[in-house]
Amino acid sequence: MDLQSLASPTGLLIGALCGLVPLVIALRNRTPRPGILGFLACLLSGFACNVLGGLPMILLTVAVVVSYTYTDRDDPFLSRAALEEVDFEETFGAMVTRRLAGLGRTIRAASRALVRNKAGFLGFLGLVFFFVLNIFGPMVIPYDGQPHFYDRRREGAINLFQGPSAEFPLGLDWQGRDILSHIVHGGRALIITSVQAGVITTVIAVILGAVAALIGGLLDQILNAIANFILTIPQFPLLVVLAGLISFEDRFFLAVLLGLLDWPTLMRAVRAQVLSLRERDYVEAAYALDLGLPHIVMREVLPQMISYIVINMIFSIRGAMYAIVGLVFLGMVPFTEPDWGVMIFMGRSQGALFSAEAASMLLSPVIAVALFQLSLVLFTRSLEEVFNPRLRAGL
Amino acid sequence: MEATTSPQAVQSGWAAFWKATRRALTGYTARTLLQGLLTIWAVMTFTFVLIRQMPSNPVQIEAERIVREELVSYEEAYSRAASLFDFDPNQPIIEQYVEYLAKLIRLDFGQSITSAGTPVLDQILQYLPWTVFSVGLGLLISFTIGIFVGMAMAYWRGGILDNVVTALASILFGIPNYIIALLIILILGVQLKLFSVAEALGRVDPTIEPGFTPEYIGSVLSHAILPVVTYVSATVGGWILTMKSSTIATLGEEYVTVAQARGLSQWRVLTAYVGRNAMLPLVTRLAISIGFVVGGSVIIEDIYRYRGLGKFLTTAIVARDYTSMQGVFLVIAVSVVVANMLADVLYGALDPRVRVGKEQ
């Protein structure tokens, strides 16, 4: 999984090139505003992730741009064409445009829903902030990894800790290193591992839950027994034991392990949902109409569950980060600096807990972790609205 | 008596016995009990094998400590460490397992390896009350706050209280408990100097004689404040938000409208019609949470140097004290299983609509 690609000047160029596509299409359609927005979006995402970010963003922005001017000639409610003018044999190009416009409309509706909930939007902004911090931050602030044992000691001070100053906005840590640079560089591995763990959890839970509900019988019973079993073992102590057993030099193993321990709750919920959805009238109607399994799964069943699944994934990500930072905090996994968890561990073991001028070393990563988790939780509010337009009132 | 009964009668007696046994085994209660026992056994076996797969063993860890401290050769340290403990690292794991199981049936958790001669059960009983006290108190407080505040918020929905507390609850819900603990120490203790950090850590002032004296109880309480506050603030947000949405759902029920239409007093509607029903899902959740009380919070106890079961467990893990680890895992598994059963029973008792036995 190559998510580690960094912002680079080449990326800026790629982004600019990608951005030309929606811009040109928008100008031809005489809708400059979404065109310019699309150009900027492509520029940024290309800048952030090179080709990986630029190319998908072309698709999304073009879809949005197209959706502003597209009218479906076949749609009796929208088209002004007379019946005999309409050619029902759709060409490939027309189909692509129609699909694109549909996607674009979905994106526009989703972004409106995203903004509607204030708390959720705040969470979204928080996540964007951390995204920008981790992708673009390293370009601006280089990593200060060398211990500066003596040259940075203030006169008369007994240790290298320093409170915030103009030169080092967050102060210096126990080895006299710039804390701000550690915050900027120390979150990426943690966030990536947490996201990986969340995705793995969700995939396992959804597949097993659906299988248990659809196949049933003995398999269902076995899966339930395993879920029960995992839920009974105390998770965190088990992780501590496993951390002694398995080398977590490669953090991906840790993500897999967290995924393997975290799936039972979601799996049970998915199983219950599938069981109840299977009996609904509209699903049976879809069966009776012989619409095919892909259609039934994608159009009838999944939309009912997607909100729950995605929100659970967010909570899994949060839980994974809790566990990873906790493990590092107890000193149970090998350290890779820079890392927020390691900063917390070191800050505590080097006595930053008891001295006011060293507090920045502990407070900075603590606040970073807290803010990230808070953003995740708040963001689920917006997700609820994005996936469920009927939910307008409420929190 | 046996002699006077005819073979026919004996046979039918046996048949009736088997029938009764089978009915009892397939009955709901027995099946749940059996399932619980099986789960506990599975967790026990799993952890038994797992903790013995960890690198190094108690004798090696102790030998390393002796080498570090006394500058003797490793071989000498090893033989000394081996003589300290009543534990043979070369014994096959199957033998150890059978021995352990045989003892366990008599409720004997074995002897602690690193502090030889002390039964594990004694040690667990020594640490357990502290964890149960601090985590349990925190759970009860946050549950109570959650119920009342959540209900008030649902009643005056959209008001100032609702908006402020919702924001606050989301923030508290979003932050991990150890982060809250660190923030409490850093901001309230170090920056604002509201309390002395060095004095607040630990679980009781060691200079005070244990006993039912006001000083001792006061010391216990004052040391428990920080962990309890942490547990409460880490969980109260979840309780409040759940209770709020549960109450909103209940307020929309027809029987509430009917009760109001009948002219019942506000208070009676609030307590007997809304409150009780809105609490239902929360009570079962409370029962499940009780199971996790025993596991405590390993990290929180570590931060506050609060020597409860979690701290005992981490110490045992680091020293590879197999029997102690095993004992703690077993206690946790049992409490989780029992709490889950309790949740089932409670749910059936509180909500007559649910017929626990009927559902397959």
Side-chain angles (χ1 to χ4, degrees), chain A residues 118-119 122-123 225-226 228-247 318-319 321-323 325-327 329-332 344 347-348 352-360 362-363 365-367 369-378 380-381 393-395, chain B residues 35-36 38-40 42-43 46-47 50-51 53-56 157 162 166-167 170-171 173-180 182-183 185-187 189-191 193 197-198 237 241 244-245 248 291-292 294-299 302-303 310 313-314 317-318 320 325 328-329 332-334 336-337 340:
Chain A
K118 277 180 222 135
L122 209 65
I226 297 176
N228 254 333
F229 170 70
I230 294 179
L231 282 175
T232 315
I233 316 175
Q235 301 279 311
F236 196 77
L238 179 67
L239 268 176
V240 175
V241 170
L242 284 171
L245 195 60
I246 304 168
S247 160
R318 174 170 163 258
M321 185 176 267
Y322 175 93
V325 174
L327 279 179
F329 182 80
L330 290 179
M332 296 291 181
I344 299 177
R348 183 161 166 255
L353 205 51
F354 305 106
S355 108
E357 67 173 1
S360 171
L362 254 177
L363 263 182
V366 158
I367 289 176
V369 172
L371 276 183
F372 186 79
Q373 299 234 331
L374 190 59
S375 306
L376 277 181
V377 171
L378 289 179
T380 56
R381 299 286 176 73
L395 306 176
Chain B
Q35 243 169 24
L38 267 177
T39 315
I40 291 171
V43 171
F46 177 72
T47 45
L50 195 72
I51 56 182
Q53 301 307 313
M54 292 171 79
S56 178
R157 208 173 153 202
D162 183 16
T166 302
S170 321
I171 291 175
F173 180 65
I175 303 177
N177 54 7
Y178 50 81
I179 297 285
I180 294 181
L182 287 174
L183 284 175
I185 292 187
L186 277 172
I187 293 178
V190 177
Q191 305 282 349
K193 297 194 168 52
V197 177
L241 295 177
K244 182 190 160 191
S245 58
I248 289 174
F292 291 97
V294 177
S297 179
V298 176
I299 311 176
D302 192 64
I303 292 177
L313 180 60
T314 32
I317 291 176
V318 171
R320 301 285 188 271
M325 263 192 265
V328 179
F329 275 120
I332 297 176
V334 169
V336 171
V337 167
N340 275 321

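Residue numbering restarts at 1 for every chain, and letters A, B, ... go by the order of the sequence lines.
Both the backbone and the side chain of A/Tyr322 come within contact range of chain B, judged by heavy atoms closer than 4.5 Å. The part of B/Leu313 that comes within reach of chain A is its side chain, from C-beta onward, which places non-hydrogen atoms under 4.5 angstrom from that chain. In this structure, chain B has a heavy atom under 4.5 Å from the side chain of A/Val369, while its backbone stays farther away. Neither the backbone nor the side chain of B/Val334 comes within contact range of chain A, judged by heavy atoms closer than 4.5 Å.
Side chains of B/Phe46 and A/Leu238 form a contact here, defined as non-hydrogen atoms less than 4.5 Å apart. Within the 4.5 Å cutoff, side-chain heavy atoms of B/Leu182 are placed close to those of A/Phe329.
To the nearest 0.5 Å, atom CD of residue B/Gln35 and atom CG of residue A/Asn228 are 6.5 Å apart. Rounding to the nearest 0.5 angstrom, the gap separating the OG1 atom in B/Thr314 from the CZ atom in A/Phe236 is 9.5 Å.
Legend: residues meeting side chain to side chain contact (heavy atoms under 4.5 Å, CB included) with B/Ser245, ordered by chain and number and at least two apart, are absent. Judged as a side chain to side chain contact (heavy atoms under 4.5 Å, CB included), and not counting sequence neighbours, the contacts of B/Val336 are A/Thr232, B/Phe292, B/Ile332, B/Asn340.
Taking both residues in full, the closest heavy atoms of B/Ile299 and A/Gly326 are given as CD1-CA, 3.6 Å, listed atom of the first, atom of the second, then distance. For the pair B/Ile317 and A/Pro237, the tightest heavy-atom approach, listed with the atom from each and the gap, is CD1-O, 4.2 Å. For the pair B/Asp302 and A/Arg348, the tightest heavy-atom approach, listed with the atom from each and the gap, is O-NH2, 3.0 Å. Annotation for B/Ser170 and A/Leu374: closest pair O-CD1, 3.6 Å, computed over non-hydrogen atoms. Here the closest non-hydrogen pair linking B/Gly174 and A/Gln373 is O-CB, 3.1 Å.
Between chain B and the options A/Val377, A/Leu363, A/Ile230, the largest number of non-hydrogen pairs under 4.5 Å is found for A/Leu363. Contact count against chain A (heavy-atom pairs under 4.5 Å) is highest for B/Ile171 among B/Thr47, B/Ile171, B/Ile175, B/Val318. With chain B as partner, the option from A/Leu371, A/Leu330, A/Leu376 having the largest number of non-hydrogen pairs under 4.5 angstrom is A/Leu330.
Figure legend: cation-pi geometry between A/Arg381 and B/Phe173 absent, as NZ or CZ is not positioned both under 6.0 Å from the six-membered ring centre and within 45° of its axis.
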inquiry  = Before you tell me yes or no, could you show the steps for B/Tyr178 and A/Ile344 under side chain to side chain contact (heavy atoms under 4.5 Å, CB included), namely the whole-Å CA-CA distance, both residues' side-chain angles and the distance that decides it to 0.1 Å?
reply    = CA-CA 11 Å; B/Tyr178 50 81; A/Ile344 299 177; 5.5 Å; no
